[in-house]
Amino acid sequence: MDQFMKRAVELALNNVKEGGQPFGAVLIKDNKVVSEGVNELHKTYDVSGHAELLAIRRAQEQLQTNDLSGYTMYASGEPCPMCLTAMYFAGMEKVIYCQSVEDAVEAGLDKSQFIYHELKKSREERSLQIIQMSLTGELDNPMKAWKSKQL
């Protein structure tokens, strides 16, 4: 195990000792630590307070960019769908993790597995109702406004 994964696991273990979940993350570029994070759900009551998301947020704020192309995320656990999506949006190309979603389920942390299964279903089959409502003529279209700004 390399130094970056050791650090991610160390962060996760320390978080468990402090009452948090067993997740730590270290964001790397050019073999250097750029930022770190641990799950802070127990501190902030924010469901988006995952280790990987916090490491991404800290790096983007510090670097003043949304583009993390060329960065590598080291995570003590396999990223959940939310964290994985953020990595795609940030343009990251590599994630290295230690423990799998299945390991998390064995530890009693089953939300990621549930969501991964839900995402495979059609909108109509998901447990969360997803309803599309058409724009009315009284409102401007945000997508058209965005597209016109890009031209």
Side-chain angles (χ1 to χ4, degrees), residues 1-16 20-105 107 109-123 125-133 135 140-151:
M1 187 178 298
D2 70 16
Q3 65 181 350
F4 304 124
M5 186 57 76
K6 283 181 183 176
R7 178 63 181 153
V9 171
E10 178 183 281
L11 288 167
L13 287 168
N14 287 339
N15 203 43
V16 170
Q21 292 182 349
F23 302 105
V26 180
L27 188 61
I28 304 300
K29 177 136 189 204
D30 299 327
N31 220 26
K32 293 183 180 129
V33 175
V34 177
S35 62
E36 299 179 336
V38 297
N39 274 41
E40 294 184 358
L41 282 71
H42 65 296
K43 293 179 181 177
T44 61
Y45 304 101
D46 173 4
V47 296
S48 71
H50 287 204
E52 299 93 332
L53 284 180
L54 294 174
I56 289 169
R57 287 177 189 155
R58 289 173 181 144
Q60 289 180 328
E61 184 177 356
Q62 172 190 336
L63 302 168
Q64 293 293 291
T65 185
N66 291 321
D67 183 10
L68 297 178
S69 301
Y71 289 71
T72 299
M73 181 69 73
Y74 282 80
S76 63
E78 185 174 357
C80 75
M82 176 175 60
C83 293
L84 188 62
T85 300
M87 291 176 208
Y88 275 109
F89 273 116
M92 295 175 63
E93 297 153 21
K94 189 187 286 187
V95 181
I96 301 169
Y97 68 92
C98 199
Q99 296 190 283
S100 69
V101 169
E102 293 78 16
D103 294 329
V105 169
L109 299 161
D110 62 352
K111 291 250 180 175
S112 289
Q113 184 179 56
F114 169 76
I115 295 167
Y116 273 121
H117 286 14
E118 283 281 297
L119 292 174
K120 292 177 185 176
K121 298 176 182 178
S122 69
R123 287 184 193 106
E125 295 175 310
R126 294 179 187 157
S127 63
L128 177 65
Q129 289 186 35
I130 301 173
I131 302 164
Q132 183 176 12
M133 186 177 289
L135 284 171
D140 288 337
N141 183 319
M143 296 295 178
K144 285 183 181 177
W146 170 259
K147 187 175 180 178
S148 69
K149 278 185 72 173
Q150 302 309 306
L151 299 176

Lys120: salt bridge (charged side-chain N to carboxylate O under 4.0 Å, His left out) partners, not counting sequence neighbours: none

For Glu10, check salt bridge (charged side-chain N to carboxylate O under 4.0 Å, His left out) against everything at least two apart and list the hits.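 By the salt bridge (charged side-chain N to carboxylate O under 4.0 Å, His left out) rule, Glu10 matches Arg7.
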
Under a 4.5 Å cut-off applied to non-hydrogen side-chain atoms, are Val34 and Leu68 in contact? no

Just so I know, are the side chains of Ile56 and Met92 near enough to count as touching, which here means a heavy-atom distance under 4.5 Å?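 Yes, their side chains come closer than 4.5 Å.
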
Residues at least two apart in sequence or cross-chain that pass side-chain hydrogen bond (donor to acceptor under 3.5 Å, both in side chains) with Ser48, listed by chain then number, are Asp46, Arg57

Side-chain donor-acceptor contact under 3.5 Å, Asp67 with Thr65: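 There is no such pair (donor and acceptor under 3.5 Å, judged by atom type) between the side chains of Asp67 and Thr65.
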
Any donor-acceptor pair under 3.5 Å linking the side chain of [X] with the backbone of [Y]?
{"X": "Gln60", "Y": "Asn66", "value": "yes"}
{"X": "Ser35", "Y": "Ala55", "value": "yes"}
{"X": "Asn15", "Y": "Ala12", "value": "no"}
{"X": "Asp30", "Y": "Lys32", "value": "no"}
{"X": "Asn39", "Y": "Ala51", "value": "yes"}

What's the shortest heavy-atom distance between Met5 and Tyr74, and which atoms? N-CD2, 3.7 Å

What verdict does the side chain to side chain contact (heavy atoms under 4.5 Å, CB included) test give for Glu52 and Val95, after you've listed the backbone C-alpha separation in whole Å, the side-chain angles of each residue and the deciding distance to 0.1 Å? CA-CA 10 Å; Glu52 299 93 332; Val95 181; over 6 Å; no

Please set out all donor-acceptor pairs under 3.5 angstrom arising from side-chain atoms of residues 78-90, sequence neighbours excluded.
| unit_1 | atom_1 | unit_2 | atom_2 | d |
| --- | --- | --- | --- | --- |
| Glu78 | OE1 | Val101 | N | 2.9 |
| Thr85 | OG1 | Pro81 | O | 2.7 |

Nearest 0.5 angstrom please: Gln21 CD to Ser76 OG, how far? 10.5 Å

Would you mind writing out the side-chain donor-acceptor pairs for residues 142-151 within the sub-3.5 Å range, not counting sequence neighbours?
| unit_1 | atom_1 | unit_2 | atom_2 | d |
| --- | --- | --- | --- | --- |
| Ser148 | OG | Lys144 | O | 3.4 |
| Ser148 | OG | Ala145 | O | 2.9 |

If the condition is side chain to side chain contact (heavy atoms under 4.5 Å, CB included), which residues does Lys94 pass it with, not counting sequence neighbours?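 Lys94: side chain to side chain contact (heavy atoms under 4.5 Å, CB included) contacts with Thr72, Ile96.
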
